[in-house]
Amino acid sequence: MSALRVSVVICAYTEQRWDDVHAAVASVRAQRHAPEEIIVVVDHNPTLHARLKSALPDATVVENAEGRGLSGGKNTGVALARGDVVAFLDDDAVAAPGWLAAFAAHYGDPRVAGVGGLTLPLWPGSTPAGELVRAPVPESTGTRPRWFPEEFDWTVGCTYRGLETGAVRNLMGGNASFRREAFPLAGGFDSGIGRTFSGRPLGCEETEFCIRLRQRSPESELVYDDRAVIWHRVPPVRARFAYFRERCYAEGLSKALVTASVGTGDGLASERAHALVTLPRGALRGLRDGATGDPGGLGRAGAIGVGLAWTAWGYGVGVATARRAKARS
């Protein structure tokens, strides 16, 4: 699939990630499977748009043409893309040199509508973004908080323990690719779901999109391939327990929006398996680690319990809010 044309979309919104955005773009330039184009979409920040447009002459730098938020930014990038496939990379992530090649290897199968990859965390203390501009593979990935369970790495935008390679229900939005024709079929990303950078750390715009795509095209497959590797930066504030709880609660709220859109059967299928199988195993593992001399194991077991409870709480609040709104309408 060396002739496959892949457009890469990077959504940016803040000058605070200036070095990160440059590192992300540089990692795409260094791909073994050369991108068709790099599209940087700036979310309603004219100053950042002007700066990036001047600093990245080899990229297409545009303003978000839709409402504020990640969904609008992605839709704007898709509308401009010329490639056969559109890939998404977070603005605070860098891709390994074989990232696009791993994606491209799957698109020879016409059933494959999308491919996602392995997202690894760059914890505080990892290689600075300025150094990743020259070499996207980090020398250091920093230090994971001892209490932080791998089962909840999704709270920092990374691949979590329990996700297996092969066919999946949905891809993770910061490390994903889709055939371009999937977007008119599914209808694009829902601007009512996901990050808006102006409140709670919501998510799930890519989950809802993937479910909707497969509901409208049941023969389509979405594939997770752990050879498509990126590293995603975790700022210090997101490595704190307070953010962990807030993100779990926000995920529950987001899942309520997803189920309202696509139904509870598809909307919670993967979550049920994770909650009933992966999380209990993780809690037992943490308790066992704690009993054998690792005090962080007890913290991880406790965090799994708190994370599950806060996510369920957010989901319950989201469902109740939606029901009240429907009753008033």
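Every residue was checked against the salt bridge (Lys or Arg N to Asp or Glu O under 4.0 Å) condition with D266, not counting sequence neighbours, and none meets it. With sequence neighbours excluded, the residues forming a side-chain hydrogen bond (donor to acceptor under 3.5 Å, both in side chains) with R144 are D153, listed by chain and number. For K255, the salt bridge (Lys or Arg N to Asp or Glu O under 4.0 Å) partners at least two apart in sequence or on another chain are E251, E271. Partners of T159 by side-chain hydrogen bond (donor to acceptor under 3.5 Å, both in side chains), not counting sequence neighbours: none found. S261 meets the side-chain hydrogen bond (donor to acceptor under 3.5 Å, both in side chains) test with E208; sequence neighbours excluded. Listed by chain and number, the residues in a ring pair (Phe, Tyr, Trp, His ring centres under 6.0 Å) with F209 are F178, F183, F189 (sequence neighbours excluded). With sequence neighbours excluded, the residues that form a ring pair (Phe, Tyr, Trp, His ring centres under 6.0 Å) with W123 are F148. For E66, the side-chain hydrogen bond (donor to acceptor under 3.5 Å, both in side chains) test picks out N75, with sequence neighbours left out.
Side-chain atoms of D226 and T165 form no donor-acceptor pair, as typed in the model, at a separation below 3.5 Å. Donor-acceptor pairing under 3.5 Å is lacking for the side chains of D190 and S71. No donor-acceptor contact under 3.5 angstrom links the side chains of T127 and E139, judged on distance only.
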Solution key, residues 307-315 side-chain donor-acceptor pairs under 3.5 Å, sequence neighbours excluded:
residue	atom	partner	partner atom	Å
T311	OG1	C248	O	3.4
T311	OG1	G307	O	2.7

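Looking at L80 and V62, their side chains come closer than 4.5 Å, going by heavy atoms from C-beta outward. A heavy-atom distance below 4.5 Å is not found between the side chains of R111 and S220. Here the side chains of T141 and L122 are in contact, with some heavy-atom distance below 4.5 Å. The side-chain heavy atoms of L163 and V168, taken from C-beta on, include a pair separated by under 4.5 Å. Within the 4.5 Å cutoff, the side chain of F103 has heavy atoms near those of the N175 side chain. Residues T207 and M172 form no side-chain contact, since every pair of their non-hydrogen atoms from C-beta on lies 4.5 Å or further apart. The shortest distance between side-chain heavy atoms of R214 and L222 falls below 4.5 Å.
A continuous path of Ile, Leu, Val, Met, Phe, Trp and Tyr side chains, each step under 4.5 Å between heavy atoms, connects Y249 with V306, placing both in one hydrophobic cluster. Using a 4.5 Å cut-off between side-chain heavy atoms of Ile, Leu, Val, Met, Phe, Trp and Tyr, with links allowed through other members, L89 and W18 fall into the same hydrophobic cluster. A continuous path of ILVMFWY side-chain contacts below 4.5 Å connects W147 to L279, so both sit in one hydrophobic cluster. In this structure, V229 is not a member of the same hydrophobic cluster as V133, with clusters built from ILVMFWY side-chain heavy atoms closer than 4.5 Å. Residues L284 and I304 do not share a hydrophobic cluster, clusters being chains of Ile/Leu/Val/Met/Phe/Trp/Tyr side chains in contact below 4.5 Å.
Using a 4.0 Å cut-off between charged side-chain N and carboxylate O, K74 and E205 make a salt bridge. Between E36 and R82, at least one side-chain nitrogen of the basic residue sits less than 4.0 Å from a carboxylate oxygen of the acidic one, meeting the salt-bridge criterion. By the 4.0 Å N-to-carboxylate-O rule, D90 lies too far from R233 to be salt-bridged with it.
Within 6.0 Å of atom CZ in R281, 12 or fewer heavy atoms from other residues, nucleotides or ligands are found, so the atom counts as exposed in its surroundings. Within 6.0 Å of the CZ atom in R323, the count of heavy atoms belonging to other residues, nucleotides or ligands does not exceed 12. With a 6.0 Å radius and a threshold of 12 heavy atoms from other residues, nucleotides or ligands, E164 has its CD atom at or below the threshold.
In this structure, P97 and V137 approach most closely via the heavy-atom pair CD-CG2, 4.0 Å. Residues P136 and A95 come closest through the heavy atom pair CB-O, 3.6 Å.
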Stepwise, does the side-chain hydrogen bond (donor to acceptor under 3.5 Å, both in side chains) test hold for T155 with Y243?
CA-CA 9 Å; T155 62; Y243 178 83; over 6 Å; no
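Legend: ring pair (Phe, Tyr, Trp, His ring centres under 6.0 Å) pairs involving residues 257-287, not counting sequence neighbours, sorted by first then second residue: Y160-H274. Pairs passing the side chain to side chain donor-acceptor pair (under 3.5 Å) check and including a residue from residues 284-296, sequence neighbours excluded, read R146-D294, E151-R285, D289-R300, D294-R300.
Other members of the hydrophobic cluster containing L287, listed by chain and number, are L298; membership follows side-chain contacts under 4.5 Å among ILVMFWY residues, whether direct or relayed.
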